Every structure is written in structure tokens, then in C-alpha cells.
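Basis for what follows: all heavy atoms, side chains included, without hydrogens, waters or symmetry-related copies. Chain identifiers are assigned alphabetically (A, B, ...) following the order of the sequence lines, protein sequences preceding nucleic acid strands; residue numbering begins at 1 within each chain. Quantities reported herein were computed from a predicted structural model and do not represent experimental measurements.
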Amino acid sequence: MEYIKIKDLTFTYSGSARKALDNVSIDIEKGDFAVVCGSSGSGKSTLLKMFKKQLIPKGELIGEITIEGEEIKHMSDHDATRKIGFVMQNPDTQIVTDKVWHELAFGLENLGVAPDVIRLRVSEVSQFFGITTWYHKSTSELSGGQKQLLNLASIMAMNPEVLLLDEPTSQLDPIASIEFLESIKRINNELGVTIIMSSHNLEDVYGMSNKVVVVEDGACQLIGSPIEVASGMSDMQTHPIYDGLPTSVRLYHGMEIGGVCPLNVKEAREYLSLNIQNKNSILMEKDQAVPKVNDNVIEISGCYFRYNRNGHDIIKGAELRVERGEITAILGGNGVGKSTLLKVIAGVAKPYAGKVIIEGKNIKSYKGNSLYRGLIGMLPQDPTLLFRRNTVREEILSMKSNMEESTIVTDEELVKLLNLEKILDLHPYDISGGEAQKVAFAKVLKSNPSIVLLDEPTKGLDPLAKRVLADLLLSLKSQGKTIIIVSHDIEFCSMYADRCSMFFDGGIVADGNAREFFSGNSYYTTASARIAKGFFEGVVTTNQLIAISRHCL
Amino acid sequence: MSRLERYHPIIVFLYFLMCIITVMFTMHPVIIILSFVISIALSFQLEGCRKVGKSLLYIIPIMIIIALTNPLFVHDGGTELFFMNGNAVTLEALIYGVMISLKLVSIIYWFRAYNYIMTSDKVIYLFGKVSPRLSLLLTMSLRFVPLYARKFREADDASRALGAYATSNIKDKLMAKLHVFAIVFSYSIESAVTTSDSMSARGYGMRRRTNYHNFKWSMSDTIMFLFVALGCVTLATIMILGYSGFDYYPYVDDINIGVASIVMYVSYFCLASIGMIMEIKEAVSWSILRSKI
């Protein structure tokens, strides 16, 4: 008998006419690792909440959801809390207490477990998840990855039988995200906990799962094993989630020769070596390298910055030159100071030594607001930090009051450029991450900056929103704007950046055009480049990989 | 980690409570001077010379001001030193002023040491004994303050790069800061919704909560408790009997050296300095242990 069963489930949020979930039926066996994928607003979060009694939103629910034959709605509060754990998307907002040890104990305290038992459980989970070294720390001192691991551990302390995760890695950097997924896999393998996880970036999680559910517009479109779903997706290449599939799956579709679909880099390499004729390494033709004309919009030399006098240097001796009209990507791990570098360029962080020259003028000589009038615009990592009005419309109009020059972009132009018509009357907190980013973009572009700075623009975006962002960046580039992206999204940068720089230990350690940059690296590179290594040289993006593989069949 | 930090929070709380209350309710010069010396010595021991030395830089001027204020306004007392604007400045008022300043400063240093030892989780544990809800509220606010402070900085940077700080005049700056404040306020409300979901998902408000903590009551806590309790009872008895009374006007009393008074001095000394003594004992046993290796 099925362990978890959803039968003909339809859900409509109260006050909404649209069905958030439409006639969904899913069976999940005990010990399954199920991945629910779909774009933002597809209903995957709503679906996940249906499994957790306390989180079922207000609205009309038809159909049934049962666990071991027991209806979720009729579970006791105690069982619903203990048996079913829920980890949310944002690592910050789900932490309740100020100390790591207290956070781990929080759920058990609520269940009324005796302190001595809690002590044992808490020590068990901290050892399982490797928390012992930061057990006594304050939660505010942790990195994003540690926070999310703590959220997971504090749920696992209650010994749940089912673990629900709502896009748990979308706010994490790639390294932290892999570590997190490894923990999930361990929970599944070693403890036999049933896992249901939603995600729109499937590169790493796809191969770990044994069941994939594709949800779109509230309906369950595909369901089955990863290989079944992969073959099911082959004629759905315009599907909003398609770009989120692992590179190996897209390669399999692109080569159109059948066989067993590879699910990770290793299998993809085996697949290639079986199927391509030419076993010798093939050099892919280089596209025309953009010549350096040394028309530098930004020049940073010998720059040093630290946040307080006794702290260590975040930026030490950084050198950077940015060409006019190009998309420059600055890559690097978390917490290495690349966002700080962006703030230095934006004039928000002031270096204590070194020179920052913007458009041939030292940044210090831009008085008052002149730097932010038609010259520099910065999109913050969290776009909601720019919002405080009740509607998107007011949010965009409110920028007018600050502007006096004639060069500004009109509101109509902005709305058209960013395609915001549909959401103008919504509250800025009610729109999806991608839409929020576009509204923030509208605010930034209002002063018509010639240099646009973006801090982690792809964080939390689904594949479709990423593509929209890329189109927007390319159209800004065609207007002659210079764009600087700080990111750890290697795939995105490899596809759209003209030039990439690696930031490490306070300075730029390497730079070059995107092709040279990524094809030369073995660790810090795209999945396509890792698959191609040894077969083809100079391959960076999935499209290049597919093209050259087809050529060599 | 110092020895005092390792005692059970209840013990630490009782210890500081006794030291502070005793000196608060008496003007007896022996108790005040003992309290002054021990509290500062304990602070030095806990926080090191540099930090406490720095604090003395502003504490000493305050002490002098307090000590001098009393004789300027109070003209009681039999021993006139000199006249100022036709008012007598008396020796008794000066001594009283000095004692008041010593008393205040010693209370400040007791609290300093208390704050150093009583970290937030100990305070929360103690609160939890009285009101579990209040203690949860406290730990949540300790969580949210740094979170919102960080968000404030981020939002401030973002608005700065949008050109929100139009000019450098004060009014504009203030308006821009208010704007940032409004942004963080809406963020906090929005994030509170998620936090409350996260709480209810983990069963908050379901039934009687237990209160988990990392503290264990050990044998040494019992011994310390008995010691502090004995000290308290002795001190309280003698003080209630009136031996802690001391008059400064019209003439300063002689310091009583009767048996009861001596017992009072000694028991206050033992009680107040037990923290320091435990620290020293620890340091000594450490060095002995090390020399044996």
C-alpha cells in the first residue's frame, strides 16, 4: 500500500478564482526521495504545504491526502508536528531563537519532551550534521549554508518520518547547496526518511532522487522515475522548467540517439565515450574573441577595504578594469568580498587605500548625488529591500520625486521594457522573485545609469526568470550600457558574460573572456565543461556541448 | 572560561544578588570599602587589566564629582573645613560623599561582572523559570535585533546607491533614514509571517512547553549554594539586629569592632570574595597540574 497518497486534490486559495492545484494525484512510497519541480508560481510550494497540517493555507480543499491511510487534516497536532518536518526556503526567517543549541531544541520543547531526553537528541543530531563546533554560537553569526543546515537539523531532532523541503537550496551558493543536498541524501539513505523536495534547479538533485514530479499551472504533468521523466521531457523543450534539467539530460535530448539517459556528469561522460566516433580530443572553434580596446569605464587599482578598524581586510590590493559596453562577471565563493567590491564601485563602501576611477574621474570627486544620476545604478541582492509602497505602480512612480534631470527614462518606457503591465496593481511582496527583481530594476533604471551593477541577480530565480533576466541584460547591453554582475552562478555567467574575473582572497586572481576562463578550469567551471573535458576542448555551455557532440556522432 | 561562569546560573544570580543588595542597604564604611575593592578586583580578574583600566578612566572623574557634590549641597556635620558663599563645607559631608561614590561605583562594577558572567542564555534560563513565554520572547528578540540591523545596513546601502541621500543636509539625511526604516519595517512584518509559520510547523503553542537548557546542577553547585546561603543568613541576621547602621552626622561614628560587627565584616568579605577566591583557586590548581606534566 502507498505510504503517502494524494488523490484528486484540488485547492483554491480563499479570495482567488484560480485553482492553485488542479486535480493532482500522487503516490509516494516509504523511503522515496521525491523531487517536485516546476517554475515559480506553478503550485509546487502549495502542494508541499498540503502535507503539513499546520501549514495548509486558507482556502477550499477538495480531494484527500493520506499518510499511512490517515488523513492529514485529522492528524493530531502532536503527530503532525513530529512525524512531518518542513524546511522552508529562506534560511534566515525560519530561525526562531538566538542560539544554535536552543534552535535545535525548540521543536522538542514544544512537544513537551523532558530536558534530559532533549539533551540526548540534540547531541545526536549535532554530531550527525557536524554542528558540534558551532553548537554554542549565536544564530546570527552563521553563514547561509550553516543556517540552512541548522534548520534541517532542528527538524531532524524531532525524528520525523517524512521530510518536506521547499526550495531549500535556492538561497545558497553552489558549495553550500551541494553540502546541504548531501545531508539530505544521507538522511534518506541512512535513516530511511521519506523526502519530498521542491526545486527548480535540478542539476544536482535530479540524480539523487528516485521519483520526479513535474508541476505546472497547478497540474501534475509528469510523474515517474528520473529516467522516465527525462524521456518524457524530450519533446517539452519549451517547458519553463526545461533549462533547469541537468546538463546530462539536455545533452541526451540534444544528441537524439537514444540509449539510457545519463543523470550526472559521470554517466554523461560514459555516454559520450560510448557514442562519439572520434576519441581524440577535439578543439572547438573559438568564436571571435572580443578585442580589448582598453576603453575602461571603471578602473580600480590597489584598493583596500575593511569594515572596521580592527577587522581584517575584505579587499586587499584589488585591481579591476571594466570595458565599456560589456557584461563583466565577477565570480567567487561566498563571503570572499565580491559584493563588497561591488559596493566600492557603487561608492557605498569607501576604500581606505587605492584609487577607484569611474569614467576617467576619481570616485571621490563625484559630489553629492552626481554618481547616481545617469552614471551608476546598483541592484541589491534582495530586491525587496527597495520596496515600501502598497503597489508596484506606486513603487515605480515614487522614484520620480528624486529626479530633476531630463535624461530620465519615463515610466511607460520602463513598464514596457520590463513587461510589468500585469503586476502594476499588486503588492510588491505578493509577486514572485523574478518579478520583484524586475520592479527593482525599474527603480534602478529610472535614472538611466550607464553602468548597471547587479549583486547575485540569479539567486532564487527559476530557469524561465533567468532567461528573462538574460534577455533584459542583453537588451541593456545593446543600448551601450556597461554591466557588472557579481555571482556564483557559473552557468549563467558562462552563457551571457563577455568577460569573467575570479575573485579570491581580497583580489581578482584571474580574468579573461568567458570561453577561455571556464574551459581552462577543472573545478570552477560549468557541468558542460566537466562533461566535455578530455573529449572536446573549449566547450563551456550546454548548447556548445550538444552542437559539438552531434557533429562527432 | 572562568570558574564563576561554570556555576549554575541560579548560584551566580544569588551570589551577585547578595553582594549587590547588601551594599545597597547599608552605609557602613567597612562593607562599602570591602565591596568597592572586591568588585573592582573581580572585574580585573574577569575582563583583564586593559578593559577595566579603560573604564576607570571615566569612572574616576565621576567618583570625584559625586564625592564633591555632597559637601557642596549638604552643610550638616560638626567639623567645618572652610566656608563657601557663607555655607560651611564640612568634613562629615565630604566623607559621606566619598562613601556614596564608592558605593555607587562598586554597584556599577558588580553589575559589570554580573553582565560578563550572565550571558544571554543564562538570563533566558532564569527568565524561563519565572515565565517561559517571556523567556521565549527574549530569545526571539535577541535573534531579531542582529537580523534587522543587518537588513537595515543592506537597505541603507541599496537606497544610497539609488541616490536617496540627495544632499548632505541633515533634513535630507533624516528623511532618507526614515525611508530605510520603513523598508526594514515592512520586511520585518513579512519575515515575521514566515517565522510564525516555522514556529507552528514545529508545534509551538500546542501544549505545555518544556524548557531545555545546557546547565546541570553539580555537587560543587550544592556546596556553593550552602556557602552562599549560610553567608546570607548570617549577614541578614546581623544587619537586621542593627549592626550595619552607621551615622555620619553630626560626627562620624567610630567603627565598631565588637564580635557581631567583626562577624559581619568577615562574612561579607567571605561572601563577596568567594567568586574571586574560586578564580584564584582554579588558576593555582591549573598551574600545579601543569607543573606535574
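- Both the backbone and the side chain of A:E103 come within contact range of chain B, each with at least one heavy atom under 4.5 Å from a heavy atom of that chain.
- Going from atom CD of A:Q148 over to atom CG of A:L165 covers 8.0 Å, rounded to the nearest 0.5 Å.
- Looking at A:I118, both its backbone and its side chain come within 4.5 Å of chain B, counting heavy atoms on both sides.
- Looking at B:F215, the atoms closer than 4.5 Å to chain A (heavy atoms on both sides) all sit in the backbone: N, CA, C or O.
- The contact between A:F106 and chain B is made by backbone and side chain atoms together, counting heavy-atom distances below 4.5 Å.
- Of the atoms belonging to A:H136, it is side-chain heavy atoms, and not backbone ones, that fall under 4.5 Å from chain B.
- A salt bridge links B:R209 with A:E109; the closest basic N to acidic carboxylate O contact falls under 4.0 Å.
- Heavy atoms of A:L379 lying under 4.5 Å from chain B are absent altogether.
- With salt bridges taken as basic N to acidic carboxylate O contacts below 4.0 Å, one links B:K177 and B:D156.
- Listed by chain and number, the residues in a side chain to side chain donor-acceptor pair (under 3.5 Å) with B:D221 are B:S218 (sequence neighbours excluded).
- Around atom CZ of B:F225, no more than 12 heavy atoms belonging to other residues, nucleotides or ligands sit under 6.0 Å away.
- Here the two rings, on B:Y125 and B:H8, have centers that are under 6.0 Å apart.
- Put simply, OH on B:Y116 and CG on B:L4 are 11.0 Å apart, with the number rounded to the nearest 0.5 Å.
- Contacts of A:D382 with chain B are made by side-chain atoms alone, with heavy-atom separations under 4.5 Å and no backbone atom involved.
- In this structure, the portion of A:P380 lying under 4.5 Å from any heavy atom of chain B is its side chain and not its backbone.
- Residues of residues 132-142 of chain B placed with any heavy atom under 4.5 Å of a heavy atom in chain A are listed by number as B:L136, B:T139, B:M140, B:L142.
- Annotation: the span from A:D98 atom CG to B:D121 atom CG amounts to 7.5 Å, rounded to 0.5 Å.
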